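Reviewing the structure listed below.
In what follows, every chain begins at residue 1, and chains take the letters A, B, ... in the order their sequences are listed. These numbers were taken from a predicted model, which means no experiment stands behind them.
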Amino acid sequence: MAILVDTETRLVVQGLTGSEGRFHGLRNRAYGTTLVAGVTPGKGGQDVEGVPVLDTVAQAVEEHGANTSMVFVPAPFAADAVYEAIDAGVHTVIAITEGIPAHDMLRIHAYVRARGVRMLGPNCPGALSPGKANVGIIPAEIFTPGSIGLVSRSGTLTYQIGHELTQMGLGNSTIVGIGGDPVVGSSFVDILRLFQDDPETEYVVLVGEIGGDEEEKAATFIESEMTKPVVAYIAGFTAPPGKTMGHAGAIISGSAGTAVAKKEALEACGIRVGTTPTETAELAAELTR
Amino acid sequence: MAILVDTETRLVVQGLTGSEGRFHGLRNRAYGTTLVAGVTPGKGGQDVEGVPVLDTVAQAVEEHGANTSMVFVPAPFAADAVYEAIDAGVHTVIAITEGIPAHDMLRIHAYVRARGVRMLGPNCPGALSPGKANVGIIPAEIFTPGSIGLVSRSGTLTYQIGHELTQMGLGNSTIVGIGGDPVVGSSFVDILRLFQDDPETEYVVLVGEIGGDEEEKAATFIESEMTKPVVAYIAGFTAPPGKTMGHAGAIISGSAGTAVAKKEALEACGIRVGTTPTETAELAAELTR
Amino acid sequence: MDLYEYQGKELFRQVGIPVADGRLATTPEEARSAAAELGGRVVVKAQVLTGGRGKAGGIKLAADADEAEVYAREILGLDIRGHVVRRLWIEQASDIEREYYLSLTFDRGEKKPLYMFTTQGGMDIEQVAQKSPGALVRLHVDPLEGFNPWQARRLVYGAGVTEASEQKQIASIVGKLHDAFVRFDAMLCEINPLIVTPTGEVKALDSKFTVDDNALYRHAEVAEMRDLDATDPLEALAREKHVTYVKLDGEVGVLGNGAGLSMSTVDVVTFAGGRPANFCDLGGGGDAQGVVDALEVITRDPQVRAIFFNIFGGITRCDEVARGILQALGEMSLELPIVVRLDGTNAEEGRRILAEAAAANLRVSPTMLEAAKRAVELAA
Amino acid sequence: MDLYEYQGKELFRQVGIPVADGRLATTPEEARSAAAELGGRVVVKAQVLTGGRGKAGGIKLAADADEAEVYAREILGLDIRGHVVRRLWIEQASDIEREYYLSLTFDRGEKKPLYMFTTQGGMDIEQVAQKSPGALVRLHVDPLEGFNPWQARRLVYGAGVTEASEQKQIASIVGKLHDAFVRFDAMLCEINPLIVTPTGEVKALDSKFTVDDNALYRHAEVAEMRDLDATDPLEALAREKHVTYVKLDGEVGVLGNGAGLSMSTVDVVTFAGGRPANFCDLGGGGDAQGVVDALEVITRDPQVRAIFFNIFGGITRCDEVARGILQALGEMSLELPIVVRLDGTNAEEGRRILAEAAAANLRVSPTMLEAAKRAVELAA
């Protein structure tokens, strides 16, 4: 099982011939992910270390059975690539690309939801199910298989916490980066629901940050619909209002989206929130004892 | 029970202050339909024979519990009126207006479907559940309550067949005009599904005409999913290709949409098709014996 | 509303789809000067709202202005499938390396615009669809999301266009065709053939463009393109009188109320062994003047030998229709036999009015079927 | 990217939202001639990217050009909440009968644009929302369907605007605000106040306009509006070097890789009792040159007394970062104490490289928390 990516994943990489797409696509394949094709319009017929390159995602689906797409296409063309993937019939789209305009994402979000397709990102590190499949840029060597689901808006912060868990001998079912943009394809709640339904996941660590209200929504969801224990971490307590902290989505607007508010919302729903990544890993370890 | 309109219907008429809206709105009320409000932007505060006129459909829903809207707004403004009704939260929109551009209806169709709202029309006579409610322009005096569901793309042709049924002592559960435009809110299949699920409906008469392929789709649906007996009539055997026969949707394009093709499709699925309205009524009468 | 080739090309030009330069001509002299202005070889093309122009001799390649005039003289007045040629499009001749087909149509079944593209252009697309369905790429567009560039790629790569510059030019035309489709409320935008010249240029060599009649109110410039001379004069009169009328080829004039009932009435006349002269819909709420107008249109057709009035009163009141008939009889001194069948709202009152008038050529029949038979007999 | 009032009004003007005529001025003399050109009474308005201008004395009504110059002299150079006034907007004075509020914002929670409208304009909207929520009409727009006119009616009637001409003008502005929002990829378009003049004219008296940074590539004309003088000089340098940097107000320079980890690092410094000098994200794939650039930006802040390097290698390799640090030390002759914590990909190799270099001011700490404490001590 695990969620989102596993041994059933048949991956097509949109932008496989670009330097990043090639590097990470091949890295994912080396990890064991079934990489069936790459797509770069106009480069159909070429190959990347044995991976066929096609002109359209439709060909990847029809001729190679692709069911998951990873998007490495530059931001100005990424929205179109996501639509192409959705319409070609993949069930999961993982958009690594950073810098997609927020208005494009509003439309994509409505479109992807209406079609029942799952999407991670944009501006996300992807998903890793240790021992099964890796789709994205998460360094797999940090993680080991286990029962903790990890979901985050950030990349390295997740690695940090995952690393601390690994040091304590704890493994992960799936590590999911939903992305750092204001509008992303899947919310915390979407991923928590998948973890709740996943037999391999027993505990969940949620790593939030300033901006938006997805952590607050997650708190309500956890309290009302989850039976599996969850601990959380929030980054950005020191962030000043009105400044974008690296991620386009990490910004306090007026009085909304502060780390304090998120921490309080989570604690009000009975979820323990670690003060540092280390403390968060320790709280997670406590759950498993 | 019955379908679409009944004693639970709380009607708002968009365009109640226009001559047609007023005439039919009050006629529907006289029949017993619960007419709660009219909407004409800028005329809020007026009334039409005791029916309050409001500026927005939202007010009709919030203040008067409207759940069904009838649209009599002129074609250039009708699409906007339909969107307003959908977003205000009514569950059924019945658009009588003729002449809404087909492209507007493409968008409305996608929109209304995504929101689970039911829509009849545009360019339709509405729906009548004898003894319960009448929303639209169907002359109720022709019909009596009974067990035959009647669905049609046309108005007068339906009255003709209904009249012949009434003459034979047969009544109707609901008479539904889906509308004569190329794209309408509900298809034959949508209405057949409602009739199939409606305990008061025992038999169905389907009245089709040239153009499109909704009759063919209905045939397949009836064969595969309906247990209730259906007879059909198709108008337009003599129609020449490429000519619009009164209804914007009644046109044979190339070799598609002919009456012969529709009749054959229905008969291939075991549905008897009457040659004239009279014969069709007789076939329906046979079913009930 | 169907547009002529040259009108469709004008709309193509407005959205940036490449077309050859051309001029409209309605006389041989205009054709000559158009050709002279354009220079070099020109194609003289009959402008008619039907297919098969080429086979009918409606398209000729002229080496110069003299020849253009000669061909124009030949083609003007030609009858192509019942359409008399009154306009010519004189266009710079294009060299053709390859012929493709591209269209965007209003797919009623799916409720979405539908692209069709194939490299097997220049012939009837229904044939391509039948003979080599694999060569035809079909792709729907979501009406809310609209066009996205991947759709153009899917068509171009899917159909196997291999040359990079061609791929790019066609992809651009695909997007612009969607612009045209949406901007002008089209029911059909077809380019057949979409040609590639020996120098690799892609352009639209023909156009088929149909605009939604219901949307003409927001496209005054397109509405003005309607060629009133080309429509049947009776249909033109009907349009003027706001009567819904379609000319057929028989002897029984037919008038009903409502599109469905009127179509059904035409059918019933046929089943009764007659030949309907027309389809005519009085509309949902027909008043006396509407009846007079409709009768005026119907009786203008010299083939009509009897008239069948089939009214089912709903919103329409039968007494009102009866009065309209009598008014028309009075105003028009009609002598043709008229069979009237009235049912529904105020039918008895209507029948009484007609009976009292006791016009010699007026018969009232109790049912639709019987009335049809009577009218057929009277027209025989 | 936040726009100045006058820039937002220029975009309003482009979509047809009525605004008063005005001129930009950067000197008292320019203010005088702008006022003279405009004629009559003018308002001299400080252009700063913050609220509260009025209370801070940044808005003055001038009777004539002389007075405009006097006020301009007063306002230029004023410090309003840390923003120094360098630009003035000289605008024809408007008589105000009523003040409304209208905005369209990017609602992240609902993933839809959100309209807000109230007749209680001129004050802070969060106050209106708290004190009289019933007076505030909120309405979302479907991103795929876009704007439809009923939405404007819902706002106008919902808020209780009663005068017909006002209803019409506001409804039109509501639609145009959506045009502006979509056309310029806005995150916020706010008109507060939207005024009604004594003669019944409706216009935008102020503008607040924020454009999505990620969309600037498709709006060159908006991107050019950025006022580099107004941004913090360190942040401007960072932008130039493509370093993600936010100035804070402490002594511990912070550098992390990845936005989340960098934010967390800033937090941990605070929890350890220190005050972070900045947020700085090396990015996902930082190479040696990136490290050098980031260190250059961080150390340009004279407040910085120690630096904390917190790297979790993933795609970023710790050995590469270590080399970058040594390169920077060599190039910049840095003497500030630097605490480095390396973990993840090639961490051991990175630590070995740093150990071998044996720089006096370089310390390596095993964990993030311990490193933070060390850096705080060193900065004290």
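For a residue to count as touching a neighbouring chain, one of its non-hydrogen atoms must lie under 4.5 Å from one of that chain's; by this rule A:Ile138 does not touch chain D. Residue contact with chain D, scored on non-hydrogen atoms closer than 4.5 Å, involves the backbone and the side chain of A:Ala110 alike. The parts of A:Pro76 that come within reach of chain D are both its backbone and its side chain, each placing non-hydrogen atoms under 4.5 angstrom from that chain. Using a 4.5 Å cut-off between heavy atoms, D:Phe181 touches chain A through backbone and side chain atoms alike. When heavy atoms are compared at a cutoff of 4.5 Å, A:Ile137 approaches chain D by way of both its backbone and its side chain. Both the backbone and the side chain of A:Pro101 come within contact range of chain D, judged by heavy atoms closer than 4.5 Å. The part of D:Asp212 that comes within reach of chain A is its side chain, from C-beta onward, which places non-hydrogen atoms under 4.5 angstrom from that chain. If you measure heavy-atom distances from D:Leu369 to chain A, the contacts under 4.5 Å come from the side chain alone. Proximity to chain D (any heavy atom under 4.5 Å) is restricted, for A:His109, to the side chain, taken from C-beta onward. For D:Ile311, no part sits under 4.5 Å from any heavy atom of chain A, backbone or side chain. Heavy-atom distances place no part of A:Ile161 under 4.5 Å from chain D, backbone and side chain included.
Crowding of D:Lys111 atom NZ: a count of heavy atoms from other residues, nucleotides or ligands under 6.0 Å exceeding 12. Within a 6.0 Å sphere centred on OH of A:Tyr31, heavy atoms belonging to other residues, nucleotides or ligands number more than 12. For CZ of A:Arg118, the number of neighbouring non-hydrogen atoms (other residues, nucleotides, ligands) closer than 6.0 Å is 12 at most. When the shell of 6.0 Å around CZ of A:Arg113 is examined, it contains more than 12 heavy atoms from other residues, nucleotides or ligands. Summarising the local packing, CZ of D:Arg374 is surrounded by 12 or fewer heavy atoms from other residues, nucleotides or ligands at distances under 6.0 Å. Within 6.0 Å of atom CD in D:Glu221, more than 12 heavy atoms from other residues, nucleotides or ligands are found, so the atom counts as buried in its surroundings. The number of heavy atoms from other shown groups lying within 6.0 Å of CD (A:Glu141) is above 12.
Nearest approach of D:Phe312 to A:Gln160, heavy atoms of both residues: CD1-OE1, 3.4 Å. Between D:Gly313 and A:Ile142, the shortest heavy-atom distance links the atoms O-CD1, 4.2 Å. Considering all non-hydrogen atoms of both residues, D:Tyr217 and A:Ala75 come closest at OH-O, 4.3 Å. The nearest pair of heavy atoms linking D:Pro143 to A:Arg107 is O-NH1, 3.0 Å. The heavy-atom pair separating A:Leu106 from D:Pro113 by the smallest distance is CD1-CD, 3.7 Å. The shortest non-hydrogen separation linking A:Gly246 to D:Thr244 is CA-CG2, 3.6 Å.
With values rounded to the nearest 0.5 angstrom, D:Arg108 atom CZ is found 9.0 Å from A:Asp181 atom CG. Atom OG1 in A:Thr156 sits 10.0 Å away from atom CG in D:Leu282 (nearest 0.5 Å).
Taking 4.5 Å as the limit, every side-chain heavy atom of D:Thr270 sits out of range of all side-chain heavy atoms of A:Phe237. Within the 4.5 Å cutoff, no side-chain heavy atoms of D:Asp343 are placed close to those of A:Tyr159. Residues D:Met368 and A:Thr276 fail the side-chain proximity criterion, which asks for heavy atoms closer than 4.5 Å.
Within residues 212-221 of chain A, the residues having any heavy atom closer than 4.5 Å to a heavy atom of chain D are A:Gly212, A:Asp213, A:Glu214, A:Lys217, listed by residue number. Scanning residues 259-269 of chain D against chain A with a 4.5 Å non-hydrogen threshold yields D:Ala259, D:Gly260, D:Leu261, D:Met263, D:Ser264, D:Val266, D:Asp267, D:Val268, sorted by number.
Ranked by heavy-atom pairs under 4.5 Å with chain D, the list A:Arg153, A:His247, A:Glu98, A:Glu279 is led by A:His247. Ranked by non-hydrogen atom pairs under 4.5 Å with chain D, the options A:Ala259, A:Ala250, A:Ser152, A:Ala235 are led by A:Ala235.
D:Arg218 has a carboxylate O that lies under 4.0 Å from a charged side-chain N of A:Asp104, or vice versa, which qualifies the two as a salt bridge.
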